[in-house]
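Remarks on the structure that follows.
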Amino acid sequence: MAYRKRTLSRRIGVYVCVLLVLGFILSPYLLGIVTSFESEAELVGRPPFPFKAITPVLDNYIYILSYMPFSLAFIDSALVAVTTTCFVMIAGSMGAFAIAHLRFRGRNFLFNFVVVVYMLPALAMLIPIVVLLKELALLDTIIGMVFAHSVLLLPLMTWFLVGIYESVPADILEALQMDGTSRIRSLFREVIPLSRFGFFLILVFSFVTSWNDLMFANTVGIVSVKLLQPRILEFMSGARVMHTQMAAAGILSSLPVVALAIVLQRQIIAGIMKGAIK
Amino acid sequence: MATEHDPFMPRLKTESRDAAILLSPFFVFVAVFIIYPLIASFYFTLNDLTLSDLKPIFIGIDNYLELFSDKLFQQALLQTLAYLTFHTAVGVPFGLAMALLFNQEFRGRGFARACLLIPWATPPIVAAMLMYVLLNSGFGPVPYAFEIAGLLPAQFTIFGNPDLALLGLAIVSLWKSCPLFAFLFLSGLQNLPSEVVESARVYGASGVAIFRRVTLPFLKPVLAVNCILSGILALSGTQAFDIVIGITNGGPGYRTYMLYFLAWNQAFPWNRLGYGSTIAYVVTIIAVVFALVLLRIWYKRK
Amino acid sequence: MGTVQVENISKKFGDRLAVDNVSFEVRDRELMCLLGPSGAGKSTILRIIAGLEPPDEGTVRIDGKAVNDLPPKDRDLAMMFQSYALYPNKTVYDNLAFPLKSYKVAEAEIKKTVSEVAKTLGITPLLGRLPGQLSGGERQRVAMGRAIVRKPKVFLLDEPLTNLDAKLRVNMRAELKRLQRELGATTIFATPDQLEALTMSDRIAIMSQGRILQDGSPDVIYEHPNDFFTATFVGSPTMNILDCDLEEKNGRITLNTGAFSLDVSKLAELIREGTLGSEAVLGVRPEHIMLTRERSAPDSIAAEVYVTERTRPEQIVHLKVGSIMMQAIAPLAFQSQLGEKAWMTIDVAKIHVFDKRTQKAIV
């Protein structure tokens, strides 16, 4: 770039704005982390954190990690999220394969229909699903929860997977046919690695959506299956957990998904380098 | 779909049959868990139904009629529309500004961009909680800072204040949404071919003019997507529900009740599945109208 | 290796008839070329032979056996695509090994074959790389390798040289020909480049709009085109084309163009029945026109030199005859100035005349 309009004041302006924006984005976390290391007494006493020094303590984390309901909820959430993701990926791939490749009457209609479903707010679907699950005696079970989350995710993921299949260049698929992989299953095995990035995106999206969900988790799970987010809601509405402990719980709950998001972002950048996306 | 050169078309009958067998689980699931509830949800709006006793009592359009006289519904409707408008009118431009900022060259740009996804990934409850910690009147540093600076009275509370609580929720919501908008805008900006901008500069166009004439039109599709997304999030996304239930639970004095929250509330704590479904459908209608209005605006303008 | 018979193949895409009742045969070890412009149907035929596209009508036979119902992988063919279609996430070695792996060949055998093929094509140092890291020429060799590796009965090449830059293309033409001879492989390749077809193939089938216009050796196609399209498509510089008519007068048969006349009585036996008096088109190849400074023969034609292209080792002289432009090939020694007069002598034995209506040759 030959133009030298980068005056010093402009550079400073950019950095200041960037710092402000980053501050905006990160401050809840930063404060949350600090709070989780405070003791409740210190927290409540004014003035609050930035204006006084504090001595960090690990008590909150120790408490939370050993607090059975929380740990159970953490594990259950992980279980549900992983299972849902697997289910959606497998079922979605199969469905996307059918939609992308086979010609049957009403195929286009079915496809558009699936997308339209997604427009409906989740609650509208939740109500009948809860009724259905109750009739199937699956309410308040892990399986029921997995199904519920799958309903939330399957349409969009399938739609996305169809896009992925269609983006594989036709001549490579033909080369595969010539080279001996006309069996559908092995066609699969070759196609998926070709669109590694898209698959990863779907994986992360599924996991994050399931992990973060509150409404479905709170409604489908009542007593036996208490997932993480409902538990945190409990902490927030109940009086038994202290704010500092709540903060610790919050930080711990975010770790998996935030980590995934950061990994995803790196993949995105790598993907852009290869000219893969959007 | 292509009729020419479609490599997936199975050539043999046996392949078609294999495929059909392979794919039946998917279709069974879709039929049972998606298509059936879809139809059922509409059916429920015409019924009175409780979760404890699953027998629907057909009441025709009584649920819909009840909406008209329900004061809480009307209040929630107004508050929802206000929230929706604020979320979109403020959130999307902010997101665009962020994207333009992060499109500049500066050290740590990669890190900054990575941060954009963090609010999206954060569980909404946790987001609500963290923002509460930040903003609450008891020990939140932000109100305290304003207090010291003399800008706000002592013990100022935003979530406890009936007039400001909704605004507070909107801010929390924006924390979660703006970076996502920025991320999408940024992706759009990446696709802008640099030659276009460069040639504009060579012709001596100023930064602002370039933005208006070149960048903005190019971003039109992303802009539309973001606006619609904003609508969906504000109306029925986690922004609408999780944040409300986490921080104010509809209070103080029903001032943060929004339609989506009301629908859930009616359906589950109050055990009126029919009525809840009805409100949910109203939300859908609003979302669709919102999207259509936006599309019409964008595609009439040039 | 194998023979290929294509019998009455037709294929429609929607309303468009892409292949119209095409039949031809490729003998064992022959290098056969499908030549034609884009859209002529050559790629479609290749794909039908490969099994990627089913024909609407007709049969494909390999070694006499009908293969219409066999999927591509069972036909013992290999196809090389215009875009090479290399698997982007596999190394060159894996790309070459993949066809063998699919056929469940033993690992040791695979290794041996792949290294042989790599050596033949000169790509051994590239085995560990990914396709994205290769140049166009290297990718092309890998694509060839992948086709060769299974030692199939028939090779199908879809415009194999089109994506290479000019210099590489010339080299690869010779290499491809040599490779084919060495392997003794029956090969069918499609190309829009007439020079490629003329230099490389044993036989050419020239196609236009889904039909085969002529099928024969390069010499036959070049020297005796039976169709106007063939005559003008093949040969560079292009054949000179002039409207004319044939007349019989006083026992002599004369061919009249707007600008000059030729006595073609010598060719009386070759002229088809009943074509006299009809409107026709005269075709003369530039190399069959001799240029002199002075009138050298009674039927020489006067022309004005319009521009010369010294293509070294010869030159192409563009001439204006009346209002018609023609081209002739002359040795470099022929000096001329722009606008000067020169004399053309057409070798009447080598002219081609086409019926204007049917486009078919009458001489």
Side-chain angles (χ1 to χ4, degrees), chain A residues 3 14-15 17-18 21-22 25-29 31-32 35 43-44 47-50 91 94-95 98 100-102 117 120-121 123-125 127-129 131-132 134 147 151 170 173-174 177 184 208 212 214-215 219 229 232-233 236 246-247 250 253-254 257-258 260-262 264-265 272 278, chain B residues 5 7-8 15 18-19 22-23 25-26 29 33-34 37-38 40-41 44 51 54 98 101 104 106 110 112-115 117-126 129-131 133-134 139-141 144 179 187 190-191 201 236 241-242 245-246 260 263-264 267-268 273 276-277 280-281 283-284:
Chain A
Y3 50 92
V14 167
Y15 275 102
C17 289
V18 166
V21 170
L22 282 182
I25 293 180
L26 296 176
S27 51
Y29 269 104
L31 188 65
T35 309
L43 179 69
V44 183
F49 160 60
M94 299 193 326
H101 310 162
L102 300 187
V117 166
L120 212 59
L123 181 60
M125 295 292 283
I127 296 177
I129 298 235
V131 169
L132 183 62
K134 180 150 193 197
F147 280 164
V151 167
L173 293 164
E174 290 177 348
Q177 278 191 291
I184 292 182
V208 169
N212 287 357
L214 175 68
M215 184 155 69
T219 316
Q229 313 305 335
I232 296 197
L233 181 65
M236 287 171 71
M246 238 170 55
S253 315
S254 326
V257 279
V258 168
L260 272 177
I262 294 183
L264 180 65
Q265 173 70 345
I272 292 184
K278 275 194 175 158
Chain B
H5 294 204
F8 282 116
E15 271 191 18
D18 281 347
L22 194 67
L23 300 161
F26 171 80
F29 182 83
F33 283 95
I34 296 183
L38 194 62
S41 69
F44 287 172
L51 194 56
L54 288 180
M98 271 197 231
L101 181 65
Q104 308 289 323
F106 55 88
R113 288 186 182 179
C115 287
L117 280 186
I118 292 181
W120 168 76
T122 311
I125 318 293
V126 175
M129 179 220 289
L130 293 177
M131 291 299 270
V133 167
L134 196 62
F139 49 84
Y144 188 74
S187 306
Q190 305 278 25
N191 284 336
R201 258 189 236 273
S236 59
F241 180 73
D242 300 30
I245 200 173
Y260 200 56
W264 178 85
F268 294 109
L273 299 185
S277 296
Y281 266 85
V283 172
T284 315

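A, B, ... follow the sequence lines: proteins, then strands. Residue 1 opens every chain.
- In this structure, A:Tyr15 and B:Phe106 have perpendicular ring planes: the angle between them is above 60°, well past the 30° mark.
- Note on A:Ala261, A:Gly250, A:Pro28: by heavy-atom pairs under 4.5 Å with chain B, the leading option is A:Pro28.
- Contacts of A:Leu22 with chain B are made by side-chain atoms alone, with heavy-atom separations under 4.5 Å and no backbone atom involved.
- Residue contact with chain B, scored on non-hydrogen atoms closer than 4.5 Å, involves the side chain of A:Leu132 exclusively.
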Audit row: B:Ile245, A:Leu233, side chain to side chain contact (heavy atoms under 4.5 Å, CB included) steps and yes/no: CA-CA 8 Å; B:Ile245 200 173; A:Leu233 181 65; 4.0 Å; yes
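- Contact count against chain B (heavy-atom pairs under 4.5 Å) is highest for A:Thr219 among A:Ile232, A:Val208, A:Thr219.
- The candidate with the highest count of non-hydrogen atom pairs below 4.5 Å against chain B, out of A:Val14, A:Ile262, A:Leu26, A:Val131, is A:Val131.
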Side chain to side chain contact (heavy atoms under 4.5 Å, CB included), that's the test. Do B:Leu134 and A:Tyr29 meet it? Break it down for me. CA-CA 9 Å; B:Leu134 196 62; A:Tyr29 269 104; over 6 Å; no
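- Only the side chain of B:Met98 comes within contact range of chain A, with at least one heavy atom under 4.5 Å from a heavy atom of that chain.
- Residue contact with chain A, scored on non-hydrogen atoms closer than 4.5 Å, involves the backbone and the side chain of B:Phe33 alike.
- Partners of B:Pro37 according to the side-chain contact (heavy atoms from CB on, under 4.5 Å) rule, which considers only residues two or more places apart in sequence or in another chain, are A:Met125, A:Pro128, A:Ile129.
- By number of non-hydrogen pairs under 4.5 angstrom with chain A, the leading residue of B:Trp264, B:Tyr260, B:Tyr281, B:Trp120 is B:Tyr260.
- Among B:Ala121, B:Gly276, B:Gly246, B:Ala112, the residue making the largest number of heavy-atom pairs under 4.5 Å with chain A is B:Ala121.
- Of the listed residues (B:Val283, B:Val133, B:Leu101), the greatest number of heavy-atom pairs within a distance under 4.5 Å of chain A belongs to B:Leu101.
- Residues forming a side-chain contact (heavy atoms from CB on, under 4.5 Å) with B:Ala114 (at least two apart in sequence, or on another chain): A:Gln265.
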